[in-house]
Trainee: 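Quick one: structure below, then a few questions.
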There are 2 protein chains.
Amino acid sequence: MNLTISGLRLGGMIGAAPFKPIAPETAGMPLYRAVKRALMQAIEDGRLAPGAAMPSEARLAANFGVSIGTLRQAVGELVAEHIVVRRQGRGTFVARHSAERFLFQFFHVERGDGRREAPTVELLGFERGRLDDEVAEALGRRPGDAAWLFDNRLMLQGRPVAHDRIALPVALFRGLSEKRLHDRPGTLYRLYQDEFAITVVRALERARAIAVDRATARVLGVPPGAPVLQLRRIALSFGDKPVEYRVSTVHTAVHDYVQTLVRPG
Amino acid sequence: MNLTISGLRLGGMIGAAPFKPIAPETAGMPLYRAVKRALMQAIEDGRLAPGAAMPSEARLAANFGVSIGTLRQAVGELVAEHIVVRRQGRGTFVARHSAERFLFQFFHVERGDGRREAPTVELLGFERGRLDDEVAEALGRRPGDAAWLFDNRLMLQGRPVAHDRIALPVALFRGLSEKRLHDRPGTLYRLYQDEFAITVVRALERARAIAVDRATARVLGVPPGAPVLQLRRIALSFGDKPVEYRVSTVHTAVHDYVQTLVRPG
DNA sequence: CCCAATTTGTTCGTATGTATA
DNA sequence: TTATACATACGAACAAATTGG
């Protein structure tokens with residue numbers, strides 16, 4: 001992957017410069033923050049693709065003209081935010097939206113006994129529609145903007161546990177289709193990442209208890225009016241840019257909604 | 001605070017040694033982890049009291065015989081876990097359970113518009129009883145062990161939003177009384193910390209939607225059978241030792257239950 | 001108001017250990 | 001085995017915030 005000529009490593013010299021110099025608007029910001037920004041920008045722009053190995057820390061430090069300690073501080077924050085992954089002896093990689101990441105960062109439902117497993121997903125409906133006021137507001141768009149609207153049913157151990165209604169701005173997801181959605185090999189967020197260059201980095205989630213409506217009750221196989229958990233999620237990309245709005249209805253008789261734990265060490 | 005004799009700093013030499021030497025069972029563990037352990041042990045034992053200033057980083061490094069960088073790595077993890085707080089120019093302090101900490105780390109209810117405020121608390125009942133099987137299991141105790149059982153009602157803007165049923169093992173909270181509970185000046189966890197030397201460092205929380213029972217409905221001012229959020233929380237101290245079990249019933253018509261966000265930077 | 005002392009925050013550089021290919 | 005990568009540990013210097021004189 002790294003071109004060498006008679007032992008002389010090139011790297012940044014080949015083709016377009018892989019990293020922009022530290023931006024001027026980073027004045028007053030600690031150097032490691034500026035470096036972090038530059039790295040995030042590179043990921044956002046696609047100069048560093050998901051799954052790709054980043055240049056080594058030594059190389060990056062030289063590239064930015066900072067010490068290795070400063071560079072590690074920048075990368076350390078990216079690791080804490082699950083944007084990159086470090087593997088000793090191998091390298092540092094731009095995080096991909098794998099099934100594991102979905103399970104631990106974005107799927108907050110688990111069995112009453114605390115066991116976790118990946119749900120199977122079933123696409124129930126897909127259409128092109130418009131954003132209503134509330135969703136448009138949440139996504140930072142105008143009411144009436146074109147949107148993809150679709151439904152998933154999530155099953156665990158063969159039982160329906162959740163119904164997701166998802167809204168995506170067409171402006172961000174041009175060319176999405178029911179077929180592409182249905183045929184995707186990995187998680188939904190992996191599809192966003194691979195096909196639309198949109199990386200979900202975190203999500204805001206609010207929960208409340210409601211009486212389930214008739215249509216959702218049928219999907220979940222519960223009596224109409226039963227108490228269910230309703231989650232409203234805004235998925236955010238870099239710079240906290242909202243990219244997805246989702247309403248999940250969760251049947252919490254057998255499963256629970258769990259807080260994600262902050263567990264250093 | 002620091003005794004000096006003709007410019008020679010003493011510190012650890014005066015009185016009881018403030019920190020134990022690196023324990024032998026830390027073999028194979030990185031040095032900074034061993035240092036972190038020793039610091040946590042000092043907090044746990046009360047040699048470093050909540051709110052107290054720790055010795056400066058330079059002094060601690062000398063005390064442990066490690067470099068300042070290694071010491072900072074240890075303290076950095078304690079900061080990430082909210083066990084200590086660093087303040088530039090002032091020092092590093094053992095974190096206390098203030099109203100702010102409660103609000104941001106342990107109180108996950110906020111208004112629909114996203115605004116957060118501290119609830120007012122009302123003690124509804126207090127008795128000495130026994131742990132049932134489920135709670136005993138969660139607290140790592142034997143069924144039938146003596147326990148304090150009490151109820152709080154939480155209000156926001158004058159409206160009831162939550163009802164908490166709390167169970168504490170008497171073995172850990174000897175001498176608790178309704179009066180001490182009622183007269184406490186700060187948060188509940190502050191009381192645990194100041195009066196019983198028990199520091200809650202994190203909590204596991206599971207949520208489900210249920211139909212509210214008659215008694216709780218009265219407390220919350222909602223119709224019996226209305227859908228409400230039920231939270232079961234196990235509060236943990238150092239070494240993930242469970243110290244409190246709590247069942248909260250939350251009225252989520254006006255307020256939401258929110259995920260705590262992991263927000264570096 | 002300014003100065004000096006103290007403390008954490010940032011940045012640098014080097015050396016060595018450990019995991020991976 | 002060798003080379004490469006990240007992980008740990010050391011130490012030094014200066015910046016920035018705070019406190020007290």
Side-chain angles (χ1 to χ4, degrees), chain A residues 1-4 6-11 22 26-39 48 51-80 83-95 264-265, chain B residues 1-4 7 9-11 22 26-39 48 51-80 83-95 264-265:
Chain A
M1 198 62 72
N2 297 305
L3 303 185
T4 0
S6 65
L8 220 166
R9 209 168 299 285
L10 299 179
I22 305 299
T26 59
M29 185 186 295
L31 186 51
Y32 73 89
R33 275 284 165 59
V35 171
K36 178 187 173 189
R37 252 176 98 121
L39 289 171
L48 285 177
M54 296 173 58
S56 74
E57 297 182 341
R59 196 126 50 211
L60 281 175
N63 194 311
F64 285 116
V66 302
S67 78
I68 190 135
T70 298
L71 185 111
R72 273 186 67 82
Q73 210 169 340
V75 175
E77 290 202 349
L78 295 176
V79 170
I83 292 172
V84 306
V85 180
R86 278 204 276 230
R87 296 195 197 287
Q88 184 175 3
R90 295 190 52 201
T92 304
F93 304 84
V94 182
Chain B
M1 195 65 73
N2 295 304
L3 303 185
T4 358
R9 211 171 297 285
L10 299 180
I22 305 300
T26 59
M29 184 187 298
L31 185 51
Y32 74 90
R33 273 285 165 60
V35 171
K36 178 187 172 190
R37 251 176 99 123
L39 289 172
L48 285 177
M54 297 172 59
S56 74
E57 297 182 338
R59 196 125 48 210
L60 281 174
N63 194 310
F64 285 116
V66 303
S67 76
I68 187 119
T70 298
L71 184 110
R72 276 186 66 83
Q73 208 169 344
V75 175
E77 290 202 350
L78 294 177
V79 170
I83 291 172
V84 305
V85 181
R86 277 203 277 230
R87 298 196 195 289
Q88 185 175 2
R90 296 192 49 202
T92 304
F93 304 83
V94 182

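Chain letters run A, B, ... following the sequence lines, proteins first, then strands; residues in each count from 1.
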Trainee: So which heavy atom on A:Pro55 is nearest to which on A:Leu48, and how close?
Mentor: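 Between these two residues, the closest heavy atoms are CD-CD2, 4.4 Å.
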Trainee: B:Leu78 has an atom CG; how far is it from atom P of C:dT8, in whole Å?
Mentor: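 Answer to the nearest Å: 13 Å.
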Trainee: Tell me: CD of B:Gln73 to P of D:dG11, nearest whole Å?
Mentor: 15 Å
Trainee: Can you see which heavy atom on A:Ala34 is nearest to which on A:Met29, and at what distance?
Mentor: N-SD, 3.7 Å
Trainee: Output one letter per nucleotide in nucleotides 13-21 of chain D: B when a protein non-hydrogen atom lies under 4.0 Å from the base, S when only the sugar-phosphate is that close, - when neither is.
Mentor: ---BBBS--
Trainee: If you look at every heavy atom in B:Val35 and B:Ala74, which pair is closest and at what distance?
Mentor: CG1-CB, 3.7 Å
Trainee: From the options C:dT11, D:dT8, C:dT7, select the nucleotide whose nearest atom is closest to the side chain of B:Arg59.
Mentor: C:dT7
Trainee: Taking atom C1' of C:dT18 as reference, at what distance in whole Å does atom CE of B:Met29 sit?
Mentor: 17 Å
Trainee: Among the candidates D:dC10, C:dT11, D:dC6, find the nucleotide nearest to the side-chain atoms of A:Arg72.
Mentor: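 Comparing D:dC10, C:dT11, D:dC6 against the side chain of A:Arg72, the answer is D:dC6.
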Trainee: Taking side chain to side chain contact (heavy atoms under 4.5 Å, CB included) as the test, write out the residues that go with B:Ala58, two or more places apart.
Mentor: B:Ser56, B:Ile68
Trainee: What's the spacing between A:Met54 CE and A:Arg59 CZ if we round to 0.5 Å?
Mentor: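 Output value for this atom pair is 12.0 Å.
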Trainee: Rounded to the Å, how far apart are B:Leu31 CG and D:dA7 C1'?
Mentor: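 One finds 13 Å between C1' of D:dA7 and CG of B:Leu31, rounded.
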Trainee: Tell me: OH of B:Tyr32 to C1' of D:dG11, nearest whole Å?
Mentor: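 Taking atom C1' of D:dG11 as the reference, OH of B:Tyr32 is at 19 Å.
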Trainee: May I ask you to say what B:Gly69 touches in the nucleic acid, namely base, sugar-phosphate or nothing, with a heavy-atom cut-off under 4.0 Å?
Mentor: nothing
Trainee: The criterion is side chain to side chain contact (heavy atoms under 4.5 Å, CB included); which residues satisfy it with A:Thr70, sequence neighbours excluded?
Mentor: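 Per chain and number, A:Thr70 pairs via side chain to side chain contact (heavy atoms under 4.5 Å, CB included) with A:Leu31, A:Tyr32, A:Val66, A:Ser67.
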Trainee: Over how many whole Å does the gap from A:Leu71 atom CG to D:dA5 atom C1' extend?
Mentor: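 My rounded result for the distance is 13 Å.
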Trainee: What is the bend of the helix from C:dC2-D:dG21 to C:dA21-D:dT2 when you compare the axis at one end with the axis at the other, using five pairs each and rounding to 10°?
Mentor: 10°
Trainee: Please list, chain by chain and in numerical order, all residues satisfying side chain to side chain contact (heavy atoms under 4.5 Å, CB included) with A:Val75, sequence neighbours excluded.
Mentor: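 With neighbours one apart ignored, the set is A:Leu39, A:Leu71, A:Val79, A:Val84, A:Arg86, A:Thr92.
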Trainee: Of the candidate nucleotides D:dC10, C:dT8, C:dG13, which contains the atom at the shortest distance from the side chain of B:Ser67?
Mentor: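 The answer is D:dC10.
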Trainee: Roughly how many Å is it from CZ in A:Phe64 to P in C:dC12, rounded to a whole number?
Mentor: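 Value for this atom pair: 13 Å.
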Trainee: Are A:Thr92 and D:dC6 close enough that a side-chain N or O sits under 4.0 Å from OP1 or OP2?
Mentor: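 Yes.
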Trainee: With sequence neighbours left out, write down each residue that passes side chain to side chain contact (heavy atoms under 4.5 Å, CB included) with B:Ala95, or none if nothing qualifies.
Mentor: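 For B:Ala95, the residues satisfying side chain to side chain contact (heavy atoms under 4.5 Å, CB included) (neighbours in sequence not counted) are B:Val85, B:Arg101.
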Trainee: Grab the CG-C1' distance between B:Leu60 and C:dT7 for me, whole Å please.
Mentor: 12 Å
Trainee: Of the candidate nucleotides D:dA9, D:dA5, C:dT11, which contains the atom at the shortest distance from the side chain of A:Ser56?
Mentor: D:dA5
Trainee: Among C:dT8, C:dC12, D:dC10, which nucleotide has an atom closest to any side-chain atom of B:Arg86?
Mentor: C:dT8
